[in-house]
Amino acid sequence: MVHLNPERLARLLADPRHEPELFEHLAEGCEVCEAFLATASHPLLDGATDAALLALGARAAAGAPVDEVRAEKTWRRIRGAGGKGAPRWLVALAALLLAFVAVWALRPRDDGGAGLKGGGPRLTLELQAVVRSADGAMSRVEAGQPVAPSGTLLIRYHASESGSAKLVLLRGAQREELGSVAVEAGTHDLSRDGTLLGFSLEGEHGRLGVRLEAVDSTGEVTLEVR
Amino acid sequence: MEELARVLQRAAEGDEAAYRALYRGYRRGVVRLCAAFAALDSDEVEDVVQETFVRAFRRVGQLKEAKAFEPWLYAIARNRALTALERKGTASKAKAELGNDEAPVTQLIPAALELEAAVEVVREVIAALPDGPEKHTAHLFYVEGELNAREIAEREGVGKSAITMRLERFRSRVKRVLLRRLLETQWST
Ligand SMILES: [Zn+2]
């Protein structure tokens with residue numbers, strides 16, 4: 001008797017005709033194969049299985065009381081305990097850390113006479129990303145550089161003028177606005193209300209961008225989390 | 001589904017009300033998924049709920065279709081629940097290792113795994129089970145859908161882990177039939 005194992009499951013999913021005996025076997029209940037499936041992760045199959053199982057009782061339980069206090073409490077944790085809709089992955093860090101980050105200085109951008117059209121001073125922004133790993137080590141991240149989904153992303157900016165900018169997080173095509181931050185002329189670490197801002201990279205995957213959008217300039221850093 | 005597609009679109013744009021609507025709409029499912037694991041207490045369930053939605057909200061913009069949302073959310077939730085169990089030392093090592101796959105956000109739902117077809121499979125599997133503890137437990141938990149594994153254990157006077165094992169066993173039967181249905185459609189193409 002042929003039973004499921006990781007290799008056979010992979011072959012079956014690629015093309016069931018590769019495993020005709022097993023394909024037939026799966027039409028019947030089998031403790032060995034089901035025990036294997038219980039521990040084998042297949043997100044699509046697992047998700048569909050749970051969606052179906054949970055749909056069954058959903059109508060019956062629709063009238064069941066919901067613990068609103070608990071639900072609200074968890075909701076606040078999801079959207080950030082600090083209120084103001086600050087998401088959980090926006091983390092406040094002690095300013096101490098920055099002694100380390102200050103190892104480089106951003107080049108002030110040479111605008112070569114740009115910005116004359118508006119007459120007044122023009123705010124230009126340039127961003128630099130640093131990742132602080134779980135063990136506390138700091139490393140500068142170049143555009144598009146792959147980083148591990150752990151640690152914290154810190155942003156240093158250079159602004160030509162003081163002003164304010166919108167803080168935006170970009171994940172693939174998804175854009176999330178995280179409110180506005182005050183920027184000061186010169187090179188500084190991104191902070192709000194005197195607290196350094198960092199982005200937890202835990203659970204991130206793929207392209208991640210952080211952008212500061214001012215009226216006439218946008219600074220952005222992009223990294224690849226994997 | 002169209003309504004869900006709109007909510008997902010707004011969530012992808014970072015709309016707070018859309019996040020909230022998703023949480024309101026799907027919190028119960030995530031809680032119920034966790035409720036099958038008797039080893040998780042109610043605070044640990046809330047931790048899983050939190051982690052699940054935080055992760056889902058981060059990547060919701062990459063979803064390819066609205067009907068993929070629920071299976072995808074539950075795949076994340078199962079993953080988080082298994083990780084929580086692993087932290088407590090109550091999940092088998094194999095399970096924890098296999099459970100670390102991130103749910104792929106970009107997958108489309110094949111017809112064989114669409115909700116209505118899959119619910120039909122669950123009904124068939126229940127109907128085919130002989131009367132006994134597994135059928136009884138599956139009925140209490142999934143069909144009546146109110147008691148959690150701990151409450152069922154108390155009511156039935158059996159150990160908590162026995163209830164979780166029955167539910168897992170039943171779930172893996174359903175998973176086996178769904179796998180077979182999925183493979184059938186591949187066989188014929
Ligand atoms: Zn078998």
Side-chain angles (χ1 to χ4, degrees), chain A residues 4 6 9 12-13 15-17 23 26-27 29-30 33-61 64 66 70-71 73-75 77-79 85 87-89 168-169 171-178 203-206, chain B residues 12-14 16 19-20 23 27-29 32-33 46 49-50 53-55 57-62 70-75 78 92 94-95 98-99 101-104 107 109 113 115 118-119 121-123 141-146 168-169 171-176 178-180 182-183 186-187:
Chain A
L4 278 171
L9 176 60
L12 261 178
L13 288 166
D15 188 342
R17 281 162 288 210
F23 173 76
L26 285 174
C30 166
C33 289
E34 285 163 9
F36 167 79
L37 284 174
T39 58
S41 169
H42 183 284
L44 184 65
L45 193 57
D46 279 316
T49 301
D50 284 320
L53 285 166
L54 296 167
L56 211 59
R59 206 163 300 142
V66 175
R70 202 167 253 283
K73 203 170 147 201
T74 301
W75 171 248
R77 281 161 61 199
I78 290 168
R79 301 310 292 155
R88 186 173 161 273
W89 51 91
V168 180
L169 211 53
R171 295 188 182 85
Q174 185 181 359
R175 173 192 165 90
E176 182 170 8
E177 296 189 2
L178 302 176
E204 295 289 348
H205 182 80
Chain B
E13 291 158 4
E16 193 66 20
Y19 287 144
R20 191 165 173 87
Y23 178 68
R27 175 188 153 84
R28 184 199 162 273
R32 286 301 293 171
L33 187 148
E46 293 302 321
V49 171
Q50 176 187 348
F53 281 96
V54 166
R55 278 168 194 256
F57 289 166
R58 284 179 186 189
R59 296 177 66 194
V60 69
Q62 296 164 39
E70 203 174 2
W72 173 68
L73 182 74
Y74 294 153
R78 174 160 292 274
S92 68
K95 189 173 272 182
L98 288 161
D101 297 347
E102 266 297 322
Q107 243 165 334
I109 299 296
L113 299 183
L115 190 61
V119 167
V121 165
V122 178
R123 290 190 204 284
F141 187 85
Y142 287 118
V143 180
E144 294 191 7
E146 280 181 43
E168 288 265 280
R169 178 114 195 259
R171 183 182 176 276
S172 61
R173 286 184 203 276
V174 173
K175 191 171 164 184
R176 194 249 317 151
L178 286 176
L179 171 62
R180 162 78 195 197
L182 178 66
L183 296 171
Q186 290 177 11
W187 187 282

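Throughout, a chain's letter reflects where its sequence line sits, starting with A, and its residues are numbered from 1. A quick note: this is a predicted structure, and the numbers were derived from the prediction, not measured. Keep in mind that the numbers below use all heavy atoms, side chains included, and drop hydrogens, waters and symmetry copies.
- The candidate with the highest count of non-hydrogen atom pairs below 4.5 Å against chain B, out of L12(A), D15(A), L9(A), L4(A), is L12(A).
- For the set E46(B), E13(B), R78(B), Q186(B), the entry with the most heavy-atom pairs within less than 4.5 Å of chain A is E46(B).
- For a residue to count as touching a neighbouring chain, one of its non-hydrogen atoms must lie under 4.5 Å from one of that chain's; by this rule R27(B) touches chain A with the side chain only.
- Listed here is the closest heavy atom pair of E16(B) and W75(A): OE2-CZ2, 3.9 Å.
- Listed for the Y142(B) side chain is no donor-acceptor partner under 3.5 Å among the backbone atoms of A52(A).
- Under the 3.5 Å distance criterion, the side-chain polar atoms of R176(B) are matched with a main-chain donor or acceptor of L26(A).
- Comparing V143(B), L73(B), L182(B) by how many heavy-atom pairs each has under 4.5 Å with chain A, the most go to V143(B).
- Note that SG of C30(A) and CZ of R173(B) are 10.5 Å apart. Values are rounded to the nearest 0.5 Å.
- Here the side chains of K175(B) and L53(A) are not in contact, with every heavy-atom distance at 4.5 Å or above.
- We find the CG-OG1 distance between L178(B) and T49(A) to be 4.5 Å, quoted to the nearest 0.5 Å.
- With rounding to the nearest 0.5 Å, the separation of CZ in R20(B) from CZ in R79(A) is 11.0 Å.
- Ranking G29(A), A71(A), C33(A), A48(A) against chain B, the residue ahead of the rest is A71(A), based on heavy-atom pairs under 4.5 Å.
- Applying the side chain to side chain contact (heavy atoms under 4.5 Å, CB included) test between L54(A) and each of L33(B), V122(B), V119(B) identifies L33(B) as the sole match.
- Salt bridge absent: R32(B) and D50(A) never bring a charged side-chain N and a carboxylate O closer than 4.0 Å.
- Contact annotation: the side chain of I78(A) never approaches that of Y19(B) to less than 4.5 Å [non-hydrogen atoms, C-beta and beyond].
- Nearest heavy-atom pair, E34(A) versus S172(B), reported as atom, atom and distance to 0.1 Å: O-CB, 3.3 Å.
- For R123(B), there are no salt bridge (charged side-chain N to carboxylate O under 4.0 Å, His left out) partners two or more places apart in sequence or in a different chain.
- The distance from atom CZ of F53(B) to atom OG1 of T74(A), rounded to the nearest 0.5 Å, is 10.0 Å.
- Looking at every heavy atom in both residues, Q62(B) comes nearest to H205(A) through NE2-O, 4.4 Å.
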